[in-house]
2 protein chains.
Amino acid sequence: MDPAPRRPSMADVASRAGVSYQTVSRVLNEPGIVRPDTRTRVQQAITELGYTRNRAARALKTTRSSLIGMLTDGSALFGPAETTTAIESAAREAGYSVLLTTVGAHDDCEREIGAELLGSGADGVLVVAAHEGMVPAVAAVARSTPVVAVSAQAPRAPGVEVVGVDQQLGALQVIEHLARTGARSVVHAAGPQDWFDARARLEGFEHAVELHGLDGTVVGPGDWTPRAGYDLANDLVREGLPDAIFAANDMMAIGVLHALHEHRLRIPEDVAVVGFDNTLGAEFQVPSLTTVSQPFADLGRLALQRLLCLLEGHELPPGTPSTLPPRLVVRRSTRPERTH
Amino acid sequence: MDPAPRRPSMADVASRAGVSYQTVSRVLNEPGIVRPDTRTRVQQAITELGYTRNRAARALKTTRSSLIGMLTDGSALFGPAETTTAIESAAREAGYSVLLTTVGAHDDCEREIGAELLGSGADGVLVVAAHEGMVPAVAAVARSTPVVAVSAQAPRAPGVEVVGVDQQLGALQVIEHLARTGARSVVHAAGPQDWFDARARLEGFEHAVELHGLDGTVVGPGDWTPRAGYDLANDLVREGLPDAIFAANDMMAIGVLHALHEHRLRIPEDVAVVGFDNTLGAEFQVPSLTTVSQPFADLGRLALQRLLCLLEGHELPPGTPSTLPPRLVVRRSTRPERTH
DNA sequence: TGCTTCAATGTGAACGTTACCATTCGGGGC
DNA sequence: GCCCCGAATGGTAACGTTCACATTGAAGCA
């Protein structure tokens, strides 16, 4: 093995460029105040040596790690993967790196995750797919670190800002569409109620159903998976079908479709089906799935922007929303609206 | 604002426990050599103050960051999300945190990403969904940092170890199954050829088809999305259908199914369809999708294990595989095998 | 008792950077 | 020609840890 080929430090760059390491630091941090020819000399030395700043030393001295912790449920990576990606690239652009912490949905994660996040030294934390089990950990972290949650209504812990898509509005759009297309009875195949999003969708469903005088029933809760939708739909087939089934997410809707097909039911003629999320495959289900599209990427960027404001102390641009509207995407799994 | 409520340091813990900071360090790093009563005193002080080690200082002194960089394609989070999750939790268990770096499939990512990874100070790097565009960046990183790639055959850059699922074997299993169920002509709807996995599946297809004397054709390449599968299948319907269509991944297979349904073709009677990945929704497509299941979670753990060996210099347990076998999952989108 | 020995703990220095203050140097105003 | 000023750069200290070594104290043994 090589005798520890130590990465070059500022001192190495400095001696190569014939300046002091302080000048190197200045070239990196406030290039404006160093004379152009010195600056280019230093920059050349930097590229020649392949120098990169030692992150640890920098963090130690500045007490800022340039790290953002991202706490997310493992299973959630399937759905809002776009949020994750958007956050990461926006963070990179702002000079931060993203520290990923996943948590199993059913982990007893309070102690461990909280400690992990705290110990990670992140400047701020983003909670991406929020469920009840995360709340204690998040609350603990929030006492010493800025936290922004991407969530329906949020881990209402003190110090936690929330950015989200209006899930209730999404549910309302679904119900209105179903009402307009002639549905009288609607069943909501609910998601796991320890997830904030699932709860918000359920509440939205109940309000909307009442508002429109529909016959609304809730079954479940399921666990976001196709199998849950499949099982719930089979139960419904046995016990009597409504005009429409509104699944808590696309995966459950896929399971619902499958069960209905097995029973040779026609969609949407016998039953209409609606999902939520507009995930990648939704458009190509059979029939293509009417669903609610969430602006996952915008959401990620928005959350990061908010966190950066918290971290760097500047104001949020006025008019920045904290809630984004979802968008109903009508496809073939529901009856067409009359286009008189 | 509070006047910078500095987090407690070892010195704070030490003075509270009435020992020197060195003793605190020892309690944390080699508890065995400090007297039990001192140890408990220190530990109590630690919990009372909510002390956590300053990661930056530790990294600075030890020249190890306890960070593992994970480079992945953004779109890949949809598929092998399990790999990501498995890696993260295994890493946490081993005392490492995961730094996430995503890259758009079509980014001109060479310079930027390479610099990012290098500058991140990660002790090692894991490349999760490998495509051609990553190679320069990965090669650059590999010169100064251990790199393990999770990939078919890999960015063959010097110093990059590879762990993967045997994609060719998967393709072979598919073709054998199709041959046994009476298919004579098979079309492969290929994936993007700058992805190593896609290329391996294509090659596996070609070998297997020749081996079994089938009439094999390749169409595409597609871009992993359902729409690509949909478009390719529509072309096929127009130009003449084979007995079976083998899509490069499940998403493309979903698009294929959709197109076939639109043309009122029966699956598998008129055309059989096979996917790859066994993603969450595959079982509940209509009909349920025959596909190749990849042990994503095992793969993630394996990759991390390899990287840790590289990092910490110990030997890989003998008999540890570097290639995992996939498993064909036969469902209803292909004809049943004769069970004589 | 006096010496060695070892276990337990303390002290000093260093990791690579940035904040702060000191120094140098050339030029403009009197 | 003197002083002062500001621009450019250099030097020193400190962030919180860990490593290597120094110190302490009690036990073991002649």
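As the structure is a computational prediction, the values presented were derived from the model and not from experiment.
Nearest-nucleotide assignment on DNA chain C puts the 5′-proximal partner with B:V34, out of B:V34 and B:T63.
Between A:D37 atom CG and D:dA7 atom P the separation is 17 Å, expressed in whole Å. Taking atom CG of residue B:N29 and atom C1' of nucleotide D:dT18, one finds them 8 Å apart after rounding to whole Å. Rounded to whole Å, atom C1' of C:dT18 lies 13 Å from atom CG of A:N54. Rounded to a whole Å, the CZ atom of A:R64 is 15 Å from the P atom of D:dG16. Spacing between atom CD1 of B:I33 and atom C1' of D:dT18 amounts to 12 Å, rounded to whole angstrom units. We find that CZ of B:R41 is positioned 14 Å from P of C:dA8, with the value rounded to whole Å. Going from atom CZ of B:R39 over to atom P of C:dA7 covers 15 Å, rounded to whole Å. In this structure, NZ of A:K61 is placed 11 Å from C1' of D:dT12, rounded to the nearest angstrom.
Side-chain contact between B:L99 and A:L67: present, with at least one pair of heavy atoms (C-beta onward) separated by less than 4.5 Å. Two residues are said to be in side-chain contact when any heavy atoms from C-beta on lie closer than 4.5 Å; B:Y51 and B:L28 meet this criterion.
Of the possible polar contacts, none joining the A:R7 side chain to the A:N54 backbone as a donor-acceptor pair under 3.5 Å is found.
Distances shorter than 4.0 Å separate some side-chain N or O of B:R53 from OP1 or OP2 on D:dT18. Checking the phosphate oxygens (OP1, OP2) of C:dT17, a side-chain nitrogen or oxygen of A:Y51 falls inside 4.0 Å. For B:R35 and C:dT9, the shortest distance from a side-chain N or O to OP1 or OP2 is below 4.0 Å. At the phosphate of D:dT18, OP1 or OP2 sits under 4.0 Å from a side-chain N or O atom of B:R58. Listed pair B:T23 / C:dA8 fails the phosphate criterion, with no side-chain N or O lying under 4.0 Å from OP1 or OP2.
Among the heavy atoms of the strands lying under 4.0 Å from A:T38 are primed sugar atoms or P, OP1, OP2 only; no base atom is included. Nucleic acid contact for B:S20: base, since at least one base atom lies under 4.0 Å from a heavy atom of the residue. B:R26 comes within 4.0 angstrom of a nucleotide base, judged by non-hydrogen atoms across all strands.
Minimum atom distance to the side chain of A:Y21 is reached by C:dT18, of the listed C:dT18, C:dT11, C:dC15. For B:V19, the listed nucleotide lying nearest its side chain is C:dG10; candidates were D:dT18, C:dG10, D:dC15.
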Handout entry: Working for side chain to side chain contact (heavy atoms under 4.5 Å, CB included), residues B:V128 and B:M134
Key = CA-CA 11 Å; B:V128 171; B:M134 294 178 181; over 6 Å; no
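Between the base of D:dG11 and the side chain of A:Q22 there is a donor-acceptor pair shorter than 3.5 Å.
Residues A:V148 and A:L310 approach most closely at CG2-CD2, 4.0 Å, considering heavy atoms.
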